[in-house]
Amino acid sequence: MSVVLRNAQRSVPLRRAPLRRAVCALRDALGASRFDVALVCAGNALMRRLNGAYRQRPEPTDVLSFPFHQVAAGELPRPRCRDEYNLGDIFLGVEYIHQQCRDAGEDFADVLVVTAAHGLCHLLGYRHDTKPAWEQMHRKEAQILEELNRLTGSRLRPLTAGLF
């Protein structure tokens, strides 16, 4: 199935093909290769609007995930028809992530991929609002990033280290 990637911002230069390949590999590592996923690379203004509308926090953020299915963490959706083979939409706050990377001296492309992994986990029901949920999400992120690292020779680690 497909990974649709749309660049809806112009503030930060973006290499879409490597990001799309990484998201495909991460989706495969989650066992969800049969499902479509949409990835939107957004600027601060759009992220601020979405975060305000859906989380009542009118500020830019790094990632927002909008799952097509409601599933328990670790479960795959059970589509009833072809149109339901969709995990959902991930909005990456590219402008926000870029600024955070500049401030912290981190590699933007790497952090973008790790943030996408975080968003994918959210599409599959993983959360980090309690310590046990955070631990479960952290393990899943580490697992799928380890698979990506094995395929690509990179050394990516989960975002969720400081989220609980």
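Predicted, not measured: the structure shown is a model, and the values here were computed from it.
Residue S33 comes nearest to D28 through the heavy atom pair CB-OD1, 2.9 Å, listed as atom of the first residue, atom of the second, then distance. Between D89 and A38 the shortest heavy-atom distance is OD1-CB, 3.2 Å. Heavy atoms only, all atoms of each residue included: C121 and K140 are closest at SG-CG, 3.8 Å. In this structure, V63 and G119 approach most closely via the heavy-atom pair CG2-CA, 4.0 Å. Between C24 and V3, the shortest heavy-atom distance links the atoms SG-CG2, 3.5 Å.
In this structure, a donor-acceptor pair under 3.5 Å is absent between the side chains of R48 and N44. Using a 3.5 Å distance cut-off with no hydrogens or angles, the side chains of N51 and T61 do not pair a donor with an acceptor. Between the side chains of E141 and H118, at least one donor N or O lies within less than 3.5 Å of an accepting N or O. Checked by atom type, the side-chain pair D62/T115 shows no donor-acceptor distance below 3.5 Å. Looking only at atom types and distance, the side chain of Q9 has a donor-acceptor partner in the side chain of N7 under 3.5 Å away. Side-chain N/O atoms of Q136 and R139 include no donor and acceptor closer than 3.5 Å.
With hydrophobic clusters built from ILVMFWY side chains whose heavy atoms lie under 4.5 angstrom apart, V12 shares a cluster with L112. Note: the hydrophobic cluster containing L145 also contains L39 (ILVMFWY, side chain heavy atoms under 4.5 Å, direct or indirect links). Under the 4.5 Å side-chain heavy-atom criterion for ILVMFWY residues, no single connected hydrophobic cluster contains both L124 and F68. Linking ILVMFWY side-chain heavy atoms closer than 4.5 Å, directly or via other members, places V37 and V71 in two distinct hydrophobic clusters. With hydrophobic clusters built from ILVMFWY side chains whose heavy atoms lie under 4.5 angstrom apart, L64 does not share a cluster with L120.
Side-chain contact between V40 and I90 is absent, with no heavy atoms from C-beta onward closer than 4.5 Å. Within the 4.5 Å cutoff, the side chain of P79 has heavy atoms near those of the F35 side chain. Between R49 and L46, some side-chain heavy-atom pair lies under the 4.5 Å cut-off. Under the 4.5 Å side-chain criterion, counting only non-hydrogen atoms from C-beta, L92 is in contact with L19. V113 is not listed as a side-chain neighbour of V23, based on a closest heavy-atom distance of 4.5 Å or more.
No close placement of the H138 and H128 rings is indicated, their centers lying 6.0 Å or farther apart.
Atom CZ of R127 sits about 9.5 Å away from atom CE of M137, to the nearest 0.5 Å. Going from atom CG of N86 over to atom NE2 of H69 covers 6.5 Å, rounded to the nearest 0.5 Å. Note that SG of C101 and CG of D107 are 7.5 Å apart. Values are rounded to the nearest 0.5 Å. One finds the CG atom of L87 at 8.0 Å from the CG atom of L76 (value rounded to the nearest 0.5 Å). Considering CZ of R10 and SG of C41, their distance stands at 14.0 Å, rounded to 0.5 Å. Atoms CD and NE2, from E106 and H98 in turn, are 12.5 Å apart once rounded to the nearest 0.5 Å.
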Problem - Step-by-step side-chain contact (heavy atoms from CB on, under 4.5 Å) determination, F108 to V94 - result: CA-CA 9 Å; F108 171 68; V94 172; 3.6 Å; yes

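Ionic pairing of R82 and D36 is present here: one or more N-O contacts between side-chain nitrogen and carboxylate oxygen are shorter than 4.0 angstrom.
Judged by distance alone, with hydrogens and angles left aside, the side-chain atoms of R15 form no donor-acceptor pair with the main-chain N or O of A109 at under 3.5 Å.
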